[in-house]
Undergrad: 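Quick one: structure below, then a few questions.
Sequence positions, counted from 1, serve as the residue numbers for this chain. First listed ligand is number 1; within each ligand, the first listed atom is number 1.
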Amino acid sequence: MATVFNTLKCLFAGLLLLTVTGCSMNQNYEQQPATEPVIILISLDGFSQQYLGKYPAPHIEQLIAEGVIAESMQPAFPTKTFPNHYSIVTGLYPGNHGIVENNIYDADFDAIFRMSKPAEVTHSRWWLGEPVWVTAELQGIKTGTYFYPGSEADIKGVRPSYWQAYDGKISNSERVRSVLQWLALPKTERPGFVTLYFSTIDDAGHRYGPESAQVKAAVAEVDQAIGQLIAGLKAQNLYGQVNLLLVSDHGMAAVPPEQVIVVDSLFDSSKAALSLWTPEIVSIFPKAGELESIYQQLSAGLPASARVYRKTDLPDRWHYQQSKRVAPLLIIPEPGWRLMQQSQYQRWQARPNLQAVTGSHGYDNIAPEMQAIFIGHGPAFAEGVTIPSFANIQLYNLMCAILGITPAANDGDPDWAQQLLELKQQP
Ligand SMILES: [Zn+2]
(Lines give C-alpha, C1' and ligand atoms only; values in the text may rest on other atoms or scores of the structure.)
Protein backbone atom coordinates (compact mmCIF):
# COMPACT_ATOMS: atom_id res chain seq x y z
CA MET A 1 0.00 0.00 0.00
CA ALA A 2 2.76 2.39 1.00
CA THR A 3 4.59 1.59 -2.22
CA VAL A 4 1.52 2.30 -4.27
CA PHE A 5 0.99 5.54 -2.43
CA ASN A 6 4.61 6.59 -2.88
CA THR A 7 4.45 5.78 -6.56
CA LEU A 8 1.32 7.87 -6.92
CA LYS A 9 2.93 10.62 -4.95
CA CYS A 10 5.98 10.60 -7.20
CA LEU A 11 3.83 10.58 -10.30
CA PHE A 12 1.81 13.45 -9.00
CA ALA A 13 4.86 15.38 -7.88
CA GLY A 14 6.32 14.89 -11.33
CA LEU A 15 3.17 16.30 -12.85
CA LEU A 16 2.84 19.04 -10.35
CA LEU A 17 6.36 20.24 -9.97
CA LEU A 18 7.08 22.10 -13.16
CA THR A 19 9.62 24.56 -11.91
CA VAL A 20 11.22 25.38 -8.63
CA THR A 21 12.95 28.70 -8.73
CA GLY A 22 14.58 28.25 -5.34
CA CYS A 23 13.51 31.59 -3.93
CA SER A 24 13.91 31.98 -0.23
CA MET A 25 11.27 33.65 1.82
CA ASN A 26 11.65 37.16 3.07
CA GLN A 27 12.92 36.92 6.63
CA ASN A 28 11.75 40.32 7.88
CA TYR A 29 8.90 38.87 9.89
CA GLU A 30 8.70 36.52 12.80
CA GLN A 31 8.95 32.86 11.92
CA GLN A 32 6.68 31.48 14.64
CA PRO A 33 4.18 28.83 13.69
CA ALA A 34 0.63 30.18 13.80
CA THR A 35 -1.34 28.40 16.48
CA GLU A 36 -4.39 27.98 14.30
CA PRO A 37 -4.40 27.95 10.51
CA VAL A 38 -5.83 31.05 8.85
CA ILE A 39 -6.91 31.46 5.22
CA ILE A 40 -7.51 34.73 3.44
CA LEU A 41 -9.27 33.97 0.15
CA ILE A 42 -8.78 37.00 -2.10
CA SER A 43 -10.94 37.21 -5.20
CA LEU A 44 -9.66 39.46 -7.97
CA ASP A 45 -12.78 39.46 -10.14
CA GLY A 46 -11.98 39.20 -13.84
CA PHE A 47 -8.18 38.90 -13.42
CA SER A 48 -7.34 37.01 -16.61
CA GLN A 49 -4.42 34.60 -16.50
CA GLN A 50 -3.21 36.53 -19.55
CA TYR A 51 -2.64 39.65 -17.41
CA LEU A 52 0.12 37.97 -15.38
CA GLY A 53 3.49 39.21 -16.51
CA LYS A 54 1.81 41.62 -18.92
CA TYR A 55 0.62 44.27 -16.49
CA PRO A 56 2.99 45.25 -13.66
CA ALA A 57 1.87 43.99 -10.24
CA PRO A 58 4.92 43.97 -7.93
CA HIS A 59 3.13 42.84 -4.77
CA ILE A 60 1.34 39.99 -6.51
CA GLU A 61 4.67 39.04 -8.12
CA GLN A 62 6.23 38.96 -4.64
CA LEU A 63 3.58 36.47 -3.50
CA ILE A 64 4.23 34.37 -6.61
CA ALA A 65 7.99 34.31 -5.98
CA GLU A 66 7.45 33.23 -2.37
CA GLY A 67 4.61 30.80 -3.00
CA VAL A 68 2.84 28.51 -5.44
CA ILE A 69 1.38 29.65 -8.74
CA ALA A 70 -0.72 27.62 -11.16
CA GLU A 71 -0.07 27.94 -14.87
CA SER A 72 -3.75 28.85 -14.88
CA MET A 73 -6.92 27.97 -13.02
CA GLN A 74 -9.76 26.70 -15.17
CA PRO A 75 -13.11 28.28 -14.41
CA ALA A 76 -16.31 26.26 -14.54
CA PHE A 77 -18.87 26.75 -17.30
CA PRO A 78 -20.45 29.26 -17.62
CA THR A 79 -17.46 31.54 -17.02
CA LYS A 80 -19.54 34.05 -15.09
CA THR A 81 -19.02 35.67 -11.73
CA PHE A 82 -21.60 34.11 -9.42
CA PRO A 83 -21.31 30.52 -10.73
CA ASN A 84 -17.51 30.53 -10.41
CA HIS A 85 -17.24 32.25 -7.06
CA TYR A 86 -19.62 29.66 -5.70
CA SER A 87 -17.72 26.76 -7.33
CA ILE A 88 -14.52 27.97 -5.66
CA VAL A 89 -16.04 27.85 -2.17
CA THR A 90 -18.20 24.70 -2.57
CA GLY A 91 -16.05 22.47 -4.80
CA LEU A 92 -19.15 21.89 -6.93
CA TYR A 93 -19.80 22.50 -10.61
CA PRO A 94 -22.51 25.10 -11.24
CA GLY A 95 -24.70 22.25 -12.52
CA ASN A 96 -24.54 20.85 -8.97
CA HIS A 97 -24.51 23.98 -6.77
CA GLY A 98 -27.52 25.63 -8.34
CA ILE A 99 -26.01 29.01 -9.26
CA VAL A 100 -26.03 28.06 -12.92
CA GLU A 101 -25.89 31.64 -14.25
CA ASN A 102 -25.99 35.22 -13.01
CA ASN A 103 -29.69 35.08 -14.04
CA ILE A 104 -31.54 31.90 -13.08
CA TYR A 105 -35.10 30.68 -13.39
CA ASP A 106 -36.33 27.94 -11.06
CA ALA A 107 -39.60 26.35 -12.10
CA ASP A 108 -40.40 25.06 -8.60
CA PHE A 109 -40.09 28.54 -7.10
CA ASP A 110 -41.43 30.15 -10.29
CA ALA A 111 -38.93 32.91 -9.53
CA ILE A 112 -35.95 34.55 -11.22
CA PHE A 113 -32.61 35.13 -9.47
CA ARG A 114 -30.63 38.15 -10.64
CA MET A 115 -27.49 39.68 -9.14
CA SER A 116 -29.43 42.95 -9.01
CA LYS A 117 -32.24 41.47 -6.87
CA PRO A 118 -31.07 41.49 -3.22
CA ALA A 119 -34.23 39.68 -2.06
CA GLU A 120 -33.21 36.66 -4.16
CA VAL A 121 -29.42 36.94 -3.71
CA THR A 122 -29.92 36.78 0.06
CA HIS A 123 -32.48 33.95 -0.14
CA SER A 124 -31.03 30.62 0.91
CA ARG A 125 -33.21 28.59 -1.48
CA TRP A 126 -30.93 29.28 -4.46
CA TRP A 127 -27.64 28.28 -2.84
CA LEU A 128 -27.11 24.50 -2.86
CA GLY A 129 -24.06 22.67 -1.54
CA GLU A 130 -22.00 23.89 1.38
CA PRO A 131 -19.61 26.84 1.10
CA VAL A 132 -16.39 26.59 3.05
CA TRP A 133 -17.45 29.24 5.55
CA VAL A 134 -20.46 27.10 6.49
CA THR A 135 -18.27 23.97 6.75
CA ALA A 136 -15.88 25.93 8.99
CA GLU A 137 -18.55 27.49 11.21
CA LEU A 138 -20.24 24.09 11.66
CA GLN A 139 -16.89 22.71 12.83
CA GLY A 140 -16.16 25.48 15.29
CA ILE A 141 -14.10 27.93 13.21
CA LYS A 142 -15.22 31.54 12.97
CA THR A 143 -15.30 33.07 9.48
CA GLY A 144 -15.52 36.55 8.00
CA THR A 145 -16.49 37.59 4.48
CA TYR A 146 -15.69 41.07 3.25
CA PHE A 147 -17.91 40.44 0.23
CA TYR A 148 -18.36 37.11 -1.46
CA PRO A 149 -21.26 35.82 -3.57
CA GLY A 150 -23.48 33.69 -1.34
CA SER A 151 -22.21 35.14 1.93
CA GLU A 152 -25.33 37.28 2.40
CA ALA A 153 -27.62 34.23 2.53
CA ASP A 154 -28.01 31.92 5.51
CA ILE A 155 -27.00 28.70 3.79
CA LYS A 156 -28.00 25.65 5.85
CA GLY A 157 -29.05 28.15 8.47
CA VAL A 158 -25.45 29.41 8.85
CA ARG A 159 -23.84 32.74 8.02
CA PRO A 160 -20.25 33.85 8.49
CA SER A 161 -19.60 35.23 12.00
CA TYR A 162 -18.61 38.49 10.30
CA TRP A 163 -20.04 39.54 6.95
CA GLN A 164 -20.99 42.60 4.93
CA ALA A 165 -23.92 43.31 2.65
CA TYR A 166 -22.38 44.03 -0.75
CA ASP A 167 -21.60 47.70 -1.33
CA GLY A 168 -19.41 48.39 -4.35
CA LYS A 169 -18.77 51.94 -3.14
CA ILE A 170 -16.65 50.77 -0.21
CA SER A 171 -13.05 51.38 -1.27
CA ASN A 172 -10.56 48.55 -1.68
CA SER A 173 -8.36 50.00 1.06
CA GLU A 174 -11.30 50.12 3.48
CA ARG A 175 -11.96 46.43 2.76
CA VAL A 176 -8.33 45.58 3.53
CA ARG A 177 -8.35 47.68 6.72
CA SER A 178 -11.48 45.90 7.97
CA VAL A 179 -10.06 42.44 7.32
CA LEU A 180 -6.85 43.38 9.14
CA GLN A 181 -8.98 44.46 12.09
CA TRP A 182 -10.75 41.08 12.10
CA LEU A 183 -7.35 39.37 12.20
CA ALA A 184 -6.32 41.55 15.15
CA LEU A 185 -9.23 40.32 17.27
CA PRO A 186 -8.51 38.19 20.35
CA LYS A 187 -7.85 34.57 19.41
CA THR A 188 -11.30 33.37 20.49
CA GLU A 189 -12.93 35.96 18.23
CA ARG A 190 -10.49 35.93 15.29
CA PRO A 191 -11.84 34.32 12.12
CA GLY A 192 -9.88 31.39 10.67
CA PHE A 193 -11.31 31.92 7.22
CA VAL A 194 -11.67 35.34 5.61
CA THR A 195 -12.57 36.60 2.16
CA LEU A 196 -11.67 39.79 0.33
CA TYR A 197 -13.23 40.78 -2.97
CA PHE A 198 -12.12 43.38 -5.52
CA SER A 199 -14.14 44.15 -8.67
CA THR A 200 -11.89 46.91 -10.03
CA ILE A 201 -10.21 44.79 -12.72
CA ASP A 202 -13.45 43.21 -13.94
CA ASP A 203 -15.13 46.60 -14.18
CA ALA A 204 -12.29 48.02 -16.31
CA GLY A 205 -12.12 44.87 -18.45
CA HIS A 206 -15.81 45.05 -19.34
CA ARG A 207 -15.77 48.73 -20.13
CA TYR A 208 -12.49 49.08 -21.99
CA GLY A 209 -11.45 45.56 -23.01
CA PRO A 210 -8.56 43.43 -21.71
CA GLU A 211 -5.89 45.19 -23.81
CA SER A 212 -6.63 48.67 -22.45
CA ALA A 213 -4.55 51.13 -20.44
CA GLN A 214 -7.49 51.20 -18.01
CA VAL A 215 -7.08 47.49 -17.23
CA LYS A 216 -3.37 48.01 -16.72
CA ALA A 217 -4.22 50.80 -14.25
CA ALA A 218 -6.83 48.62 -12.54
CA VAL A 219 -4.29 45.82 -12.05
CA ALA A 220 -1.92 48.37 -10.50
CA GLU A 221 -4.69 49.66 -8.24
CA VAL A 222 -5.62 46.19 -6.97
CA ASP A 223 -1.93 45.36 -6.58
CA GLN A 224 -1.67 48.35 -4.26
CA ALA A 225 -4.46 46.90 -2.13
CA ILE A 226 -2.50 43.62 -1.98
CA GLY A 227 0.54 45.68 -0.95
CA GLN A 228 -1.53 47.29 1.79
CA LEU A 229 -2.60 43.82 2.98
CA ILE A 230 1.01 42.56 2.98
CA ALA A 231 2.18 45.62 4.96
CA GLY A 232 -0.68 45.21 7.44
CA LEU A 233 0.03 41.52 7.93
CA LYS A 234 3.72 42.27 8.49
CA ALA A 235 2.79 44.90 11.07
CA GLN A 236 0.74 42.26 12.90
CA ASN A 237 3.51 39.61 12.52
CA LEU A 238 1.10 37.56 10.43
CA TYR A 239 2.79 37.72 7.03
CA GLY A 240 3.98 34.22 6.17
CA GLN A 241 1.83 32.92 9.05
CA VAL A 242 -1.53 33.17 7.32
CA ASN A 243 -2.35 31.45 4.04
CA LEU A 244 -3.19 33.80 1.20
CA LEU A 245 -5.14 32.30 -1.71
CA LEU A 246 -5.29 34.77 -4.59
CA VAL A 247 -7.83 33.66 -7.16
CA SER A 248 -9.97 34.99 -9.96
CA ASP A 249 -13.33 33.76 -11.14
CA HIS A 250 -12.71 34.00 -14.91
CA GLY A 251 -10.72 35.91 -17.52
CA MET A 252 -11.84 38.50 -20.06
CA ALA A 253 -12.19 38.42 -23.85
CA ALA A 254 -11.98 41.46 -26.11
CA VAL A 255 -15.29 42.14 -27.87
CA PRO A 256 -14.92 44.22 -31.06
CA PRO A 257 -17.98 46.40 -31.80
CA GLU A 258 -18.86 44.60 -35.01
CA GLN A 259 -19.11 41.16 -33.38
CA VAL A 260 -22.82 41.29 -32.60
CA ILE A 261 -25.50 38.68 -33.28
CA VAL A 262 -29.10 39.86 -33.06
CA VAL A 263 -30.85 36.70 -31.99
CA ASP A 264 -34.55 37.33 -31.50
CA SER A 265 -35.01 38.02 -35.21
CA LEU A 266 -33.89 34.42 -35.86
CA PHE A 267 -36.73 32.59 -34.10
CA ASP A 268 -40.39 33.02 -33.26
CA SER A 269 -40.09 34.32 -29.71
CA SER A 270 -43.82 33.87 -29.11
CA LYS A 271 -42.98 30.15 -28.86
CA ALA A 272 -40.87 30.81 -25.76
CA ALA A 273 -42.49 30.94 -22.32
CA LEU A 274 -39.43 32.75 -20.93
CA SER A 275 -36.04 33.88 -22.23
CA LEU A 276 -33.18 35.12 -20.04
CA TRP A 277 -30.79 37.38 -21.94
CA THR A 278 -27.14 38.06 -21.39
CA PRO A 279 -24.62 38.90 -24.13
CA GLU A 280 -22.86 35.55 -23.64
CA ILE A 281 -25.75 33.13 -22.96
CA VAL A 282 -29.40 33.22 -23.91
CA SER A 283 -31.54 30.75 -21.94
CA ILE A 284 -34.81 29.81 -23.64
CA PHE A 285 -37.65 28.01 -21.87
CA PRO A 286 -39.98 26.98 -24.75
CA LYS A 287 -43.73 26.68 -24.43
CA ALA A 288 -44.99 23.11 -24.37
CA GLY A 289 -44.27 21.32 -27.63
CA GLU A 290 -42.22 24.18 -29.15
CA LEU A 291 -38.67 23.14 -28.24
CA GLU A 292 -37.82 21.42 -31.50
CA SER A 293 -39.34 24.17 -33.62
CA ILE A 294 -37.26 26.89 -31.90
CA TYR A 295 -34.17 24.69 -32.06
CA GLN A 296 -34.54 24.14 -35.80
CA GLN A 297 -35.11 27.84 -36.51
CA LEU A 298 -32.04 28.85 -34.54
CA SER A 299 -29.87 26.07 -35.96
CA ALA A 300 -30.68 27.30 -39.45
CA GLY A 301 -30.44 31.02 -38.65
CA LEU A 302 -27.43 31.44 -36.37
CA PRO A 303 -24.06 32.33 -37.91
CA ALA A 304 -21.00 30.11 -37.34
CA SER A 305 -19.96 32.34 -34.41
CA ALA A 306 -22.81 31.09 -32.21
CA ARG A 307 -24.56 27.82 -31.57
CA VAL A 308 -27.87 26.67 -30.13
CA TYR A 309 -27.77 23.64 -27.83
CA ARG A 310 -30.53 21.42 -26.60
CA LYS A 311 -29.85 20.95 -22.90
CA THR A 312 -29.45 17.24 -23.55
CA ASP A 313 -26.69 17.93 -26.12
CA LEU A 314 -24.50 20.10 -23.89
CA PRO A 315 -20.89 18.86 -23.65
CA ASP A 316 -20.33 16.47 -20.72
CA ARG A 317 -17.15 18.36 -19.82
CA TRP A 318 -19.32 21.28 -18.63
CA HIS A 319 -21.03 19.07 -15.98
CA TYR A 320 -23.99 21.36 -16.52
CA GLN A 321 -27.03 19.61 -17.90
CA GLN A 322 -28.01 17.83 -14.68
CA SER A 323 -29.40 21.00 -13.10
CA LYS A 324 -33.14 21.48 -13.38
CA ARG A 325 -32.40 25.22 -13.53
CA VAL A 326 -30.54 25.01 -16.87
CA ALA A 327 -32.89 26.03 -19.68
CA PRO A 328 -34.00 23.45 -22.30
CA LEU A 329 -32.31 25.57 -25.01
CA LEU A 330 -29.14 27.65 -24.72
CA ILE A 331 -27.52 29.95 -27.27
CA ILE A 332 -23.78 30.31 -26.73
CA PRO A 333 -21.47 32.45 -28.88
CA GLU A 334 -17.76 32.08 -29.59
CA PRO A 335 -15.49 34.15 -27.31
CA GLY A 336 -15.54 37.80 -28.31
CA TRP A 337 -19.09 37.82 -29.68
CA ARG A 338 -22.20 39.30 -28.09
CA LEU A 339 -25.82 38.22 -28.36
CA MET A 340 -28.51 40.88 -28.42
CA GLN A 341 -32.21 41.48 -28.79
CA GLN A 342 -33.37 43.83 -31.52
CA SER A 343 -34.56 46.40 -28.97
CA GLN A 344 -31.15 46.41 -27.27
CA TYR A 345 -29.38 46.62 -30.60
CA GLN A 346 -31.19 49.81 -31.57
CA ARG A 347 -30.17 51.48 -28.31
CA TRP A 348 -26.67 50.11 -28.63
CA GLN A 349 -26.23 51.56 -32.12
CA ALA A 350 -27.00 55.00 -30.74
CA ARG A 351 -24.22 54.81 -28.12
CA PRO A 352 -21.18 57.10 -28.11
CA ASN A 353 -17.77 55.59 -28.90
CA LEU A 354 -19.05 53.39 -31.69
CA GLN A 355 -15.61 51.96 -32.38
CA ALA A 356 -14.77 51.08 -28.78
CA VAL A 357 -13.68 47.52 -28.00
CA THR A 358 -15.21 46.23 -24.76
CA GLY A 359 -14.69 43.05 -22.77
CA SER A 360 -16.80 40.09 -21.73
CA HIS A 361 -16.79 36.63 -20.17
CA GLY A 362 -19.20 33.74 -19.79
CA TYR A 363 -17.95 31.75 -22.80
CA ASP A 364 -16.64 28.18 -23.05
CA ASN A 365 -14.42 27.48 -20.06
CA ILE A 366 -11.59 26.10 -22.19
CA ALA A 367 -11.14 29.38 -24.09
CA PRO A 368 -7.64 30.77 -23.35
CA GLU A 369 -9.05 34.23 -22.62
CA MET A 370 -11.36 32.80 -19.94
CA GLN A 371 -8.60 31.24 -17.81
CA ALA A 372 -8.29 32.47 -14.23
CA ILE A 373 -5.41 32.65 -11.74
CA PHE A 374 -4.38 30.84 -8.57
CA ILE A 375 -1.58 31.87 -6.22
CA GLY A 376 -1.03 30.25 -2.82
CA HIS A 377 1.25 31.83 -0.19
CA GLY A 378 1.89 31.02 3.44
CA PRO A 379 2.70 28.11 5.73
CA ALA A 380 0.67 25.55 3.73
CA PHE A 381 2.45 26.28 0.46
CA ALA A 382 5.83 25.49 -1.03
CA GLU A 383 7.99 28.38 -2.21
CA GLY A 384 8.72 29.31 -5.81
CA VAL A 385 6.73 26.46 -7.35
CA THR A 386 4.63 26.44 -10.52
CA ILE A 387 1.93 23.79 -10.80
CA PRO A 388 -0.07 22.79 -13.88
CA SER A 389 -3.48 24.20 -14.65
CA PHE A 390 -6.34 22.81 -12.57
CA ALA A 391 -10.11 23.26 -12.20
CA ASN A 392 -11.37 25.68 -9.58
CA ILE A 393 -13.60 23.00 -8.01
CA GLN A 394 -10.41 21.64 -6.38
CA LEU A 395 -10.05 24.61 -4.04
CA TYR A 396 -12.79 23.64 -1.55
CA ASN A 397 -10.95 20.45 -0.53
CA LEU A 398 -7.70 22.40 -0.37
CA MET A 399 -9.16 25.02 1.97
CA CYS A 400 -10.76 22.36 4.18
CA ALA A 401 -7.45 20.48 4.38
CA ILE A 402 -5.58 23.64 5.39
CA LEU A 403 -8.19 24.42 8.06
CA GLY A 404 -8.19 20.82 9.27
CA ILE A 405 -11.93 20.38 8.79
CA THR A 406 -13.96 17.64 7.10
CA PRO A 407 -15.27 18.71 3.69
CA ALA A 408 -18.87 18.19 2.62
CA ALA A 409 -19.50 16.08 -0.49
CA ASN A 410 -18.09 17.87 -3.54
CA ASP A 411 -16.82 17.40 -7.10
CA GLY A 412 -13.12 17.90 -6.31
CA ASP A 413 -10.43 15.24 -5.84
CA PRO A 414 -9.17 15.16 -2.23
CA ASP A 415 -5.86 13.66 -3.39
CA TRP A 416 -5.17 16.75 -5.49
CA ALA A 417 -5.32 18.94 -2.39
CA GLN A 418 -3.18 16.58 -0.30
CA GLN A 419 -0.51 16.33 -2.95
CA LEU A 420 -0.32 20.10 -3.39
CA LEU A 421 0.18 20.46 0.37
CA GLU A 422 2.83 17.71 0.33
CA LEU A 423 4.98 19.84 -1.97
CA LYS A 424 5.71 21.91 1.13
CA GLN A 425 7.41 18.92 2.73
CA GLN A 426 9.57 18.04 -0.26
CA PRO A 427 13.22 19.12 -0.25
ZN1 LIG B 1 -16.50 38.02 -12.35
Undergrad: Taking 4.0 angstrom as the limit, do K54 and E211 come out as a salt bridge?
TA: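 E211 and K54: salt-bridged.
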
Undergrad: From the Zn ion (ligand 1) out to just under 2.8 Å, does an N/O/S atom of N84 turn up?
TA: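 Of the N, O and S atoms in N84, none lies under 2.8 Å from the Zn ion (ligand 1), which means no.
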
Undergrad: If you consider just the N/O/S atoms, which atom of D45 is the closest one to the Zn ion (ligand 1)?
TA: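 Going through the N, O and S atoms of D45 one by one, OD1 ends up nearest to the Zn ion (ligand 1).
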
Undergrad: Report the angle formed at the Zn ion (ligand 1) by atom OG1 of T81 and atom NE2 of H250, rounding to the nearest 10°.
TA: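 It is 100°, given to the nearest 10°.
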
Undergrad: With a 4.0 Å cut-off on N to O distance, would you call E334 and R307 a salt bridge?
TA: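 No, this pair does not count.
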
Undergrad: For the Zn ion (ligand 1), does an N/O/S atom of D249 lie at less than 2.8 Å?
TA: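 Looking at D249, which is the residue asked about, there is an N, O or S atom under 2.8 Å from the Zn ion (ligand 1).
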
Undergrad: Can we call the ring centroids of F109 and H123 under 6.0 Å apart?
TA: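 No.
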
Undergrad: Got an N, O or S from H85 under 2.8 Å of the Zn ion (ligand 1)?
TA: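 Within the cut-off used here (under 2.8 Å), H85 places no N, O or S atom near the Zn ion (ligand 1).
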
Undergrad: For Q394, which residues count as a side-chain contact (heavy atoms from CB on, under 4.5 Å) partner, sequence neighbours excluded?
TA: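 Expected list: F390, D413, W416.
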
Undergrad: Quick one: list whatever passes side-chain contact (heavy atoms from CB on, under 4.5 Å) with A380, sequence neighbours left out.
TA: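 Checked A380 against side-chain contact (heavy atoms from CB on, under 4.5 Å); matches are N243, I402, L421.
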
